[in-house]
Number of protein chains: 2
Amino acid sequence: MDNFKFTDRPDQKRLSRTIAEYGDPKTDVSAAVLFLDLQWTYREMQKAYDQVLAASDLTETRFIILMFLFRAENYCLAPSELATKLGAARPTVTKILNRLMISGLVIKLSAPNDKRSILIQLTPTGKAVLQKFLPRNFEAVQTITAALSASEIKTLSTLLQKINIGTRNLNLEEERHHGNN
Amino acid sequence: MDNFKFTDRPDQKRLSRTIAEYGDPKTDVSAAVLFLDLQWTYREMQKAYDQVLAASDLTETRFIILMFLFRAENYCLAPSELATKLGAARPTVTKILNRLMISGLVIKLSAPNDKRSILIQLTPTGKAVLQKFLPRNFEAVQTITAALSASEIKTLSTLLQKINIGTRNLNLEEERHHGNN
DNA sequence: CAAATATAGTTAGCTAGCTAACTATATTGA
DNA sequence: TCAATATAGTTAGCTAGCTAACTATATTTG
């Protein structure tokens, strides 16, 4: 749903009405608005960033995998290591690597010492794709953050950390709920 | 990839090195860190929020569709209206509605005046699910934002708008790139 | 008023994730 | 040491998105 292009979003007024009817009386409407704003900001940002990646025939996942290989010794990693680093399921990595092999950005090598395992290596083509893409990547990031001053960047970073605290608490809340059943 | 559980994320140091090699010399490393922080904060928050929804057998998309119906006249909307409001493709809506019909949260009515069209109506069961979920929803949002003061909420909202400006500029940049080819 | 066009919903088939389960090989430990 | 267990990669089949293309009905227009 991250790519939906909503034409009807709840505004302050509608949200207030719903909260008045169904929320705890001490619920802060502006907090709920902020939550929706954060979703919106990320989703729009990510759609734009995905387009930048797509212009180089990349997705963020493919890009990150290529970067892991780029920084690895001899440009090589086993699929299972990639899966761990990414935090993705091994079959997911298999599919992505197949795609990258077809495009010629990586190749499959047999691993010494372990006949179960293989090694994935970044090809010269893969390196070239990264070297071409990286400047564009940082330019795009610069554009995204250009309206913020250095001190605003610091402030935003601090405030995001406070959201992270809220997320951790929500996870704890959910675990507790589960436990109670 | 929003659900990946990364075990290897680029830190300040690695990012500096890559920017030094491939970024414009005036690229701001802390801006790049902020970009990754914003992605991280949203993704962790959303994973936690999705769990709250899942506890009521909801996804955010299903929840939003139910809310559109909840606020609609006679609790009825056509699938095509839902697709427009969501900004999703019509076949996507068809599938979600099939799922909601199986769960008994909505029913299909024939539209008067247009034999091509149908109407989707929220059932009493659907209403009950919402009425049970909404308090939990606002409680979760409250938990997420609890570490922020009222003034911090205002500041964060302002700073997110500055990211929105950056996103718009990135979109313009991309359009220009396309045009140039 | 009939033909062309537009709209509503669905179907088929694509991508990128996931889990479960399989095969082959390594490792552990009784 | 050899049987049990664990790990690596893959395959099959699930979900939630998408686009293209189909059928049926409305609307527009020559």
Side-chain angles (χ1 to χ4, degrees), chain A residues 1-7 39 43 46-47 49-51 53-54 57-66 76-103 106-121, chain B residues 1-7 39 43 46-47 49-51 53-54 57-66 76-103 106-121:
Chain A
M1 67 145 308
D2 279 19
N3 290 312
F4 288 175
K5 289 167 196 149
F6 287 98
T7 65
Q39 287 185 319
R43 287 168 184 172
Q46 191 64 37
K47 276 182 256 183
Y49 181 56
D50 285 343
Q51 279 199 294
L53 287 152
D57 194 29
L58 290 173
T59 62
E60 193 174 340
T61 303
R62 291 206 278 267
F63 171 49
I64 293 172
I65 285 184
L66 294 177
C76 273
L77 286 173
S80 55
E81 291 176 295
L82 286 168
T84 301
K85 282 169 182 289
L86 268 181
R90 287 200 319 277
T92 300
V93 172
T94 296
K95 276 209 273 182
I96 298 166
L97 293 177
N98 282 337
R99 168 63 202 267
L100 289 172
M101 283 188 281
I102 288 168
S103 313
V106 305
I107 49 169
K108 193 184 280 199
L109 306 175
S110 52
N113 307 330
D114 191 336
K115 286 179 189 164
R116 292 170 306 179
S117 191
I118 62 180
L119 284 175
I120 300 298
Q121 186 177 48
Chain B
M1 68 148 306
D2 280 20
N3 290 312
F4 288 175
K5 289 167 197 150
F6 287 97
T7 65
Q39 287 185 319
R43 288 170 183 171
Q46 191 65 36
K47 275 183 256 183
Y49 181 56
D50 286 343
Q51 278 199 295
L53 287 152
D57 194 30
L58 290 173
T59 62
E60 193 175 341
T61 304
R62 291 206 279 266
F63 171 49
I64 292 171
I65 285 184
L66 294 177
C76 273
L77 285 173
S80 55
E81 292 177 294
L82 286 168
T84 300
K85 281 169 183 289
L86 268 182
R90 289 201 316 279
T92 300
V93 172
T94 297
K95 274 208 271 181
I96 298 166
L97 292 176
N98 282 337
R99 168 64 202 269
L100 289 172
M101 283 187 282
I102 288 168
S103 313
V106 305
I107 49 168
K108 193 184 281 199
L109 306 175
S110 51
N113 307 330
D114 192 335
K115 285 179 190 165
R116 292 171 306 181
S117 191
I118 62 179
L119 283 175
I120 300 298
Q121 186 176 50

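Bear in mind the structure is a predicted one, so any value in this text is a computation, not a measurement. Both backbone and side-chain heavy atoms feed into the values below; hydrogens, waters and symmetry mates do not. Chain identifiers are assigned alphabetically (A, B, ...) following the order of the sequence lines, protein sequences preceding nucleic acid strands; residue numbering begins at 1 within each chain.
When side chains are defined from C-beta on, T59(B) does not count as touching M1(A), because their heavy atoms never get closer than 4.5 Å. Put simply, the side chain of L77(A) reaches to within 4.5 Å of the side chain of K85(A), judged on heavy atoms. The closest side-chain heavy-atom distance from T61(B) to T92(B) is not below 4.5 Å. Residues L97(B) and L82(B) have side chains in contact (heavy-atom distance under 4.5 Å, counting atoms from C-beta outward). Using a 4.5 Å cut-off on side-chain heavy atoms (C-beta onward), L58(A) and L66(A) make contact. When side chains are defined from C-beta on, P79(A) does not count as touching R90(A), because their heavy atoms never get closer than 4.5 Å.
In this structure, the side chain of K115(B) does not engage the main chain of S110(B) through any donor-acceptor pair within 3.5 Å.
Nucleotide dA16(D) holds its P atom 20 Å from the CE atom of M1(B), rounded to whole Å. K115(B) has its NZ atom 11 Å from the C1' atom of dA24(D), to the nearest Å. In this entry the distance linking NZ of K5(B) with P of dG17(C) reads 15 Å, nearest Å. The distance between atom NZ of K85(B) and atom C1' of dA8(C), rounded to the nearest whole Å, is 17 Å. Separating the CD1 atom of I96(A) from the C1' atom of dC18(C) is a distance of 12 Å, rounded to the nearest angstrom. Atom P of nucleotide dG17(C) and atom CG of D50(B) are separated by 16 Å, given to the nearest angstrom. Residue L82(B) contributes atom CG, which lies 13 Å from atom C1' of dG9(C) at whole-angstrom precision. The distance from atom CZ of R90(B) to atom C1' of dA21(D) is 12 Å, rounded to the nearest whole Å.
D2(B) comes within 4.0 angstrom of no nucleic acid atom, judged by non-hydrogen atoms across all strands. Using a 4.0 Å heavy-atom criterion, one finds that A111(B) contacts no nucleic acid atom at all. At the heavy-atom level, N3(A) lies nowhere under 4.0 Å from the strands shown. Within the 4.0 angstrom heavy-atom criterion, only backbone atoms of the sugar-phosphate kind lie near S117(A); the bases stay farther away. Using a 4.0 Å heavy-atom criterion, one finds that T92(B) contacts the bases of the nucleic acid, with or without backbone contacts as well.
The side chain of K108(A) contributes an N or O atom lying less than 4.0 Å from OP1 or OP2 of dT10(D). Side-chain N/O atoms of S80(A) include none lying less than 4.0 angstrom from OP1 or OP2 on dT7(D). Look at T94(B) and you won't find any side-chain N or O under 4.0 angstrom from OP1 or OP2 of dG9(C).
Nearest-nucleotide assignment on DNA chain C puts the 5′-proximal partner with A78(B), out of A78(B) and T61(A). Comparing K95(A) and D114(A) along DNA chain D, the residue whose closest nucleotide (by nearest heavy atom) sits nearer the 5' end is D114(A). Residue order along DNA chain C, read from the 5' end via each residue's closest nucleotide, puts R99(A) first among P91(A) and R99(A).
With hydrogens and angles ignored, no donor-acceptor pair closer than 3.5 Å exists between the side chain of R116(B) and the base of dG9(C).
With respect to the salt-bridge test (charged N to carboxylate O, under 4.0 angstrom), the residues R43(A) and D2(B) do not qualify.
Rotation axes derived from the C1' atoms of the five outermost pairs at either end of the helix from dC1(C)-dG30(D) to dA30(C)-dT1(D) lie 0° apart, to the nearest 10°.
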